[in-house]
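Heavy-atom basis, side chains included; hydrogens, waters and symmetry copies ignored.
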Amino acid sequence: MKRYALITGASRGIGRAIAIELAKDGCYVIINYKSNHEAAHETLRLVHEAGGEGELLPFDVSKPDEINAALDRWLAAHADKYIDVLVNNAGIVDDELLLWMTPEQWHSVIDVNLNGFFYCTRKVLEGMVENRHGRIVNISSIAGQLGFEGQTHYAAAKAALIGATKSLAVEWASRNITVNAVAPGGVETEMKVHRGVNSRREVPMKRYGKPEEVAYLVSFLCSDKADYISGQVIGINGAAL
């Protein structure tokens, strides 16, 4: 049976790599993005190039009305389907020392990185519970485990994702819904400096990770091979932690 996977923030970087990898696994991928239409279409092209199927579903993860409207439309168009895989990947950074951080900076980072998880998961979880099966993977960060200068808001959101992952896993384990978190260190994306370590010298492997390496882990966690893995936080950081 075809599985349907929603990846938030999938127009580029780690999200794009995850979309391509899940498509290779046979999932029909729903590529969420906010406004970068060109990058999102490129992700969809790469999904097709990899032999997969998918579509674009734009919405802002920080706005519950947009999420509900978009997913209600999708569910109405796919009345006999449900989203079996959710990867909460959308994230932003806006570095600033707390002393000079504005309330707007704090709230915008929390809204996307943490509240977006809440809004999207609450909506998608309905179908998983009804069908008694689901895979949820939350993209956290080594910043949520260690903390980094100028990233109090980002680290707070990513640390909160870890706690939410563990609680949600317990809540729905009996329905065969697994919930895990992946915590990347430095990864070669547009956000590489902000996804954890700021210098290759801090990574024992002496390099940044690749988006595909994160995607391989997410692919495994979404597969049947990971049926008994839930409530876990798995780092992928070149031995930096």
Colleague: Over all heavy atoms of both residues, which pair between A40 and L56 is shortest? Give the atoms and the distance, please.
Modeller: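 Heavy atoms of A40 and L56 come nearest at O-CD2, 3.5 Å.
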Colleague: Taking the side chain as everything from C-beta on, heavy atoms only, tell me whether V218 gets closer than 4.5 Å to I139.
Modeller: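 Counting from C-beta outward, V218 and I139 do come under 4.5 Å.
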Colleague: Linking I/L/V/M/F/W/Y whenever any side-chain heavy atoms sit under 4.5 Å apart, do I14 and V233 land together?
Modeller: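 No: no chain of side-chain contacts under 4.5 Å links I14 to V233.
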Colleague: With rounding to the nearest 0.5 Å, note down the distance linking CZ in R135 to CG in L22.
Modeller: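 If I round to the nearest 0.5 Å, the distance is 12.0 Å.
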Colleague: Answer with yes or no whether the side chains of T8 and N89 bring together a donor and an acceptor at under 3.5 Å.
Modeller: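 Checked: N89/T8 side chains show no N/O donor-acceptor pair below 3.5 Å.
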Colleague: Could you tell me whether a side-chain N or O of S141 sits under 3.5 Å from a main-chain N or O of A183, the two making a donor and an acceptor?
Modeller: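 Side chain of S141 to backbone of A183, a donor-acceptor pair under 3.5 Å: no, none is there.
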Colleague: Under the side-chain contact (heavy atoms from CB on, under 4.5 Å) rule, what do S62 and N115 come out as? Steps first, then yes or no, please.
Modeller: CA-CA 6 Å; S62 71; N115 294 342; over 6 Å; no
Colleague: The test is side-chain contact (heavy atoms from CB on, under 4.5 Å); show your working for L44 and E55 and say whether it passes.
Modeller: CA-CA 7 Å; L44 184 58; E55 64 182 282; 5.5 Å; no
Colleague: For a side-chain contact (heavy atoms from CB on, under 4.5 Å) check, start with the C-alpha distance between V182 and V214, then their side-chain angles and the critical distance, and finish with the verdict.
Modeller: CA-CA 8 Å; V182 172; V214 179; 4.1 Å; yes
Colleague: Any side-chain heavy-atom pair from V187 and P184 closer than 4.5 angstrom?
Modeller: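 Touching, per the 4.5 Å side-chain cut-off.
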Colleague: In this structure, would V29 and F220 fall into the same cluster of hydrophobic residues linked by side-chain contacts under 4.5 Å?
Modeller: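 The answer is yes; both residues are in one hydrophobic cluster.
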Colleague: Can you tell me if T121 and N88 form a side-chain donor-acceptor pair at under 3.5 Å?
Modeller: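 Yes, a side-chain donor-acceptor pair sits under 3.5 Å.
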Colleague: Within a reach of under 6.0 Å around NZ of K63, are more than 12 heavy atoms found that belong to other residues, nucleotides or ligands?
Modeller: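 Result for NZ/K63: open.
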Colleague: Using salt bridge (charged side-chain N to carboxylate O under 4.0 Å, His left out) as the criterion, list what pairs up with E38, not counting sequence neighbours.
Modeller: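 Salt bridge (charged side-chain N to carboxylate O under 4.0 Å, His left out) check on E38 returns nothing, list empty.
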Colleague: Please report the interatomic distance OG1(T152) to CE(M101), rounded to the nearest 0.5 Å.
Modeller: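 Atom-to-atom, T152:OG1 and M101:CE are 5.0 Å apart.
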Colleague: Are R207 and E213 close enough, and set up right, to give a salt bridge (charged side-chain N to carboxylate O under 4.0 Å, His left out), and what steps lead you there?
Modeller: CA-CA 13 Å; R207 69 173 178 88; E213 291 173 312; 2.8 Å; yes
Colleague: For a 4.5 angstrom cut-off between non-hydrogen side-chain atoms, does L71 reach I83?
Modeller: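 With C-beta onward as the side chain, the pair touches.
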Colleague: Would you confirm whether Q105, through its side chain, and P103, through its main-chain N or O, come within 3.5 Å as a donor-acceptor pair?
Modeller: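 No.
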Colleague: Anything under 30° is parallel, anything over 60° is perpendicular, the rest tilted; go ahead and classify H78 against Y28.
Modeller: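 Plane angle between 30° and 60°, so tilted.
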Colleague: Do the side chains of K158 and N113 get nearer than 4.5 Å, heavy atoms only?
Modeller: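 Answer yes - side chains close enough.
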Colleague: Quick one: do R45 and E42 make a salt bridge, cutoff under 4.0 Å?
Modeller: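 Yes, charged N to carboxylate O under 4.0 Å.
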Colleague: Shared ILVMFWY cluster between V61 and L75, side chains joined below 4.5 angstrom?
Modeller: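 In one cluster: yes.
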Colleague: Are any of the side-chain heavy atoms of I31 and L57 separated by less than 4.5 Å?
Modeller: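 The answer is no, as the side chains (C-beta and beyond) never meet within the 4.5 Å cut-off.
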Colleague: For side-chain contact (heavy atoms from CB on, under 4.5 Å), just list the numbers for E188 and K210, CA-CA rounded to whole Å, side-chain angles, deciding distance to a tenth of an Å, and then say yes or no.
Modeller: CA-CA 6 Å; E188 289 282 3; K210 298 173 181 156; 5.5 Å; no
Colleague: Kindly write out the residues that satisfy side chain to side chain donor-acceptor pair (under 3.5 Å) with Y82, not counting sequence neighbours, or none if the list is empty.
Modeller: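 If we apply the side chain to side chain donor-acceptor pair (under 3.5 Å) test to Y82, skipping adjacent residues, the hits are D84.
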Colleague: Roughly how far apart are Q151 CD and L98 CG, rounded to 0.5 Å?
Modeller: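 These two atoms lie 13.0 Å from each other.
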Colleague: Ring centroid separation for Y4 and W74, is it under 6.0 angstrom?
Modeller: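 Distance test on ring centres: under 6.0 Å, yes.
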Colleague: Applying the 4.5 Å side-chain criterion to the ILVMFWY set and letting contacts propagate, would W172 and Y119 be lumped into a single cluster?
Modeller: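 Hydrophobic grouping puts W172 with Y119.
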Colleague: Of all heavy-atom pairs between A156 and W106, which one has the smallest distance, and what is that distance?
Modeller: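 Looks like CB-CH2, 4.1 Å.
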Colleague: Could you verify whether a donor N or O on one side chain and an acceptor N or O on the other, from D72 and N68, lie under 3.5 Å apart?
Modeller: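 Per modelled atom types, D72 and N68 side chains form no pair under 3.5 Å.
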Colleague: Rounded to the nearest 0.5 Å, what's the gap from CG on L168 to CG on L125? Could you check?
Modeller: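 Interatomic distance, L168 CG to L125 CG, rounded to 0.5 Å: 6.0 Å.
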Colleague: Hey, what do you get for NE2 (H107) to NE2 (H153), rounding to the nearest 0.5 Å?
Modeller: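 With rounding to 0.5 Å, NE2 (H107) is 11.5 Å from NE2 (H153).
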Colleague: Looking only at heavy atoms, which two atoms of G147 and A155 are closest? And how far apart?
Modeller: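 Smallest interatomic distance, heavy atoms only, reads CA-CB, 4.3 Å.
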Colleague: Answer yes or no: is there a donor N or O on one side and an acceptor on the other, between the side chain of N138 and the main chain of S140, under 3.5 Å?
Modeller: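 Checked: no pair found.
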Colleague: Below 4.5 Å, heavy atoms only, C-beta onward: do V85 and L6 meet side chain to side chain?
Modeller: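 No, every pair of side-chain atoms sits at 4.5 Å or beyond.
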Colleague: What residues form a side-chain contact (heavy atoms from CB on, under 4.5 Å) with E130, not counting sequence neighbours?
Modeller: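 Per chain and number, E130 pairs via side-chain contact (heavy atoms from CB on, under 4.5 Å) with no residue.
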Colleague: What pair of heavy atoms forms the shortest contact from G9 to N32, and how long is it?
Modeller: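 Here G9 and N32 meet closest at N-OD1, 3.1 Å.
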Colleague: Can you find a heavy atom in the side chain of V93 that is under 4.5 Å from one in the side chain of V109?
Modeller: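 Side-chain contact under 4.5 Å: no.
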Colleague: Under 6.0 Å from the NZ atom of K225, do we count more than 12 heavy atoms belonging to anything else shown?
Modeller: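 Not buried by this count: 12 neighbours or fewer within 6.0 Å.
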Colleague: With A160, which residues qualify under side-chain contact (heavy atoms from CB on, under 4.5 Å), at least two apart?
Modeller: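 Partners of A160 under the side-chain contact (heavy atoms from CB on, under 4.5 Å) test: L114.
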Colleague: Looking only at non-hydrogen atoms, find the nearest pair between A240 and I142 and report the distance.
Modeller: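 Minimum heavy-atom separation between A240 and I142: CB-CD1, 4.1 Å.
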Colleague: Could you tell me whether the side chain of N180 reaches within less than 4.5 Å of the side chain of I136, counting heavy atoms only?
Modeller: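 Heavy-atom side-chain distance check fails, nothing below 4.5 Å.
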Colleague: Quick test of your reading: applying ring-ring contact (aromatic ring centres under 6.0 Å, His included), list the pairs with at least one residue in residues 30-66, sequence neighbours left out, ordered by first then second residue.
Modeller: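 Passing the test, one end in residues 30-66: Y33-H37.
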Colleague: Begin from the C-alpha positions of S219 and D25 and carry the test side chain to side chain donor-acceptor pair (under 3.5 Å) through to its verdict.
Modeller: CA-CA 8 Å; S219 168; D25 293 340; 2.5 Å; yes
Colleague: G150 and L97: which non-hydrogen atoms are nearest, and at how many Å?
Modeller: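 Distance-wise, the nearest heavy atoms are N-CD2, 3.9 Å.
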Colleague: List in chain and number order the residues that pass salt bridge (charged side-chain N to carboxylate O under 4.0 Å, His left out) with K34, two or more places apart in sequence or in another chain; answer none if no residue qualifies.
Modeller: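 Scan of K34 (salt bridge (charged side-chain N to carboxylate O under 4.0 Å, His left out), adjacent residues dropped) gives D60.
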Colleague: Are F118 and M128 joined in one hydrophobic group, where the rule is that I, L, V, M, F, W and Y side chains link up if heavy atoms are under 4.5 Å apart?
Modeller: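 Yes, F118 and M128 fall within the same hydrophobic cluster.
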Colleague: Give, for atom CZ of R16 and atom CD of E21, the distance between the pair rounded to the nearest 0.5 Å.
Modeller: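 The distance works out to 15.0 Å.
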